[in-house]
A.B. asks: 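First the structure, then my questions, so here it is.
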Amino acid sequence: QVRLVESGGGLVQAGDSLRLSCVSSGRTINGYNMGWFRQAPGKEREFVSNISWKNNNAYYADSVKGRFTISRDNDRNTVYLQMDSLEPEDTAVYYCAQSQARWGPTNRATGAYEYWGQGTQVTVSS
C-alpha cells in the first residue's frame, strides 16, 4: 500500500521560509512524477509545483514561481518543497501527490495523481 506523509508545515511570518518534505512508502517514486498542491479554506485544491521523473524538470504555478523550489531524492523516496519569501496568500494545506502513470508526461491536473498525502498546514501571518 502506497502512503505519502508530508511534514514541515507551520506558522510563520511573511517573508519567512519553510521546507516541506514528503516521504513515500510502499512504492518507489523513481519513474513517477511528483507534485505539490494546496487548498485554502473555501477554495479548490490548486497546483503548486511538480517535478518530472525525467531529468527532474520542475514546473511551478505563476503565483509561486521564483519563490518556491521543488526537488526530489529518489534514493530517499522523498520530495521537497522549499518555500521562500512566504506571503499570507500562501496560507493553505499543502498536499504531496504521486502520479498514476509511471514514465509518463507531467501533468498539473489533480486527476493525473493517484496517491495523496494527508496534508500539512502552512499559515503565513502578515
A.B. asks: Under the disulfide bond (SG atoms under 2.5 Å apart) definition, can you give me all pairs with a residue in residues 16-111, not counting sequence neighbours?
C.D. replies: Cys22-Cys96
A.B. asks: When rounded to the nearest 0.5 angstrom, what is the spacing between CE in Met34 and CG in Leu81?
C.D. replies: 12.0 Å
A.B. asks: Not counting sequence neighbours, list each pair that qualifies as a ring pair (Phe, Tyr, Trp, His ring centres under 6.0 Å) and has a residue in residues 56-98.
C.D. replies: none
A.B. asks: For Gln118, check side chain to side chain contact (heavy atoms under 4.5 Å, CB included) against everything at least two apart and list the hits.
C.D. replies: Val5, Glu6
A.B. asks: What's the spacing between Arg72 CZ and Asn56 CG if we round to 0.5 Å?
C.D. replies: 6.0 Å
A.B. asks: Taking only residues two or more places apart in sequence or in another chain, which ones pass side chain to side chain contact (heavy atoms under 4.5 Å, CB included) with Gln121?
C.D. replies: Thr91, Val93, Thr123
A.B. asks: Let me confirm one number: the OG-CG distance from Ser21 to Asp73, rounded to the nearest 0.5 Å.
C.D. replies: 10.5 Å
A.B. asks: Which residue pairs pass the salt bridge (charged side-chain N to carboxylate O under 4.0 Å, His left out) test with at least one member in residues 40-59, sequence neighbours excluded?
C.D. replies: Arg38-Glu46
A.B. asks: Considering non-hydrogen atoms only, spot the tightest contact between Gln98 and Ser24 and give its length.
C.D. replies: OE1-OG, 3.3 Å
A.B. asks: For Ser85, give me all partners under side chain to side chain contact (heavy atoms under 4.5 Å, CB included), at least two apart in sequence or on another chain.
C.D. replies: Arg67
A.B. asks: Which residues satisfy the ring pair (Phe, Tyr, Trp, His ring centres under 6.0 Å) test with Phe37, sequence neighbours excluded?
C.D. replies: Phe47, Tyr113, Trp116
A.B. asks: Not counting sequence neighbours, which residues clear salt bridge (charged side-chain N to carboxylate O under 4.0 Å, His left out) with Arg27? List them please.
C.D. replies: Glu114
A.B. asks: Please list, chain by chain and in numerical order, all residues satisfying side chain to side chain contact (heavy atoms under 4.5 Å, CB included) with Thr28, sequence neighbours excluded.
C.D. replies: Asn30, Asn77, Arg102
A.B. asks: Taking side chain as C-beta onward, heavy atoms only, is Ile51 less than 4.5 Å from Asn57?
C.D. replies: no
A.B. asks: What pairs of residues pass the disulfide bond (SG atoms under 2.5 Å apart) test when at least one of them lies in residues 37-80, not counting sequence neighbours?
C.D. replies: none
A.B. asks: Test Met83 against every option in Leu20, Val64, Val48, Asp90 by the side-chain contact (heavy atoms from CB on, under 4.5 Å) rule and name the one that passes.
C.D. replies: Leu20
A.B. asks: What pairs with Glu89 under salt bridge (charged side-chain N to carboxylate O under 4.0 Å, His left out), at least two apart in sequence or on another chain?
C.D. replies: none
A.B. asks: Under 3.5 Å, which donor-acceptor pairs do the side chains of residues 8-19 form with other protein atoms, sequence neighbours left out?
C.D. replies:
unit_1 : atom_1 : unit_2 : atom_2 : d
Asp16  : OD2    : Gln13  : N      : 3.1
Ser17  : OG     : Asp84  : OD1    : 2.7

A.B. asks: Would you say the side chain of Arg76 lies within less than 4.5 Å of the side chain of Val23, judging by non-hydrogen atoms?
C.D. replies: no
A.B. asks: Does a side-chain heavy-atom distance below 4.5 Å link Asn33 with Thr106?
C.D. replies: yes
A.B. asks: If you look at every heavy atom in Ala101 and Ser99, which pair is closest and at what distance?
C.D. replies: O-OG, 2.9 Å
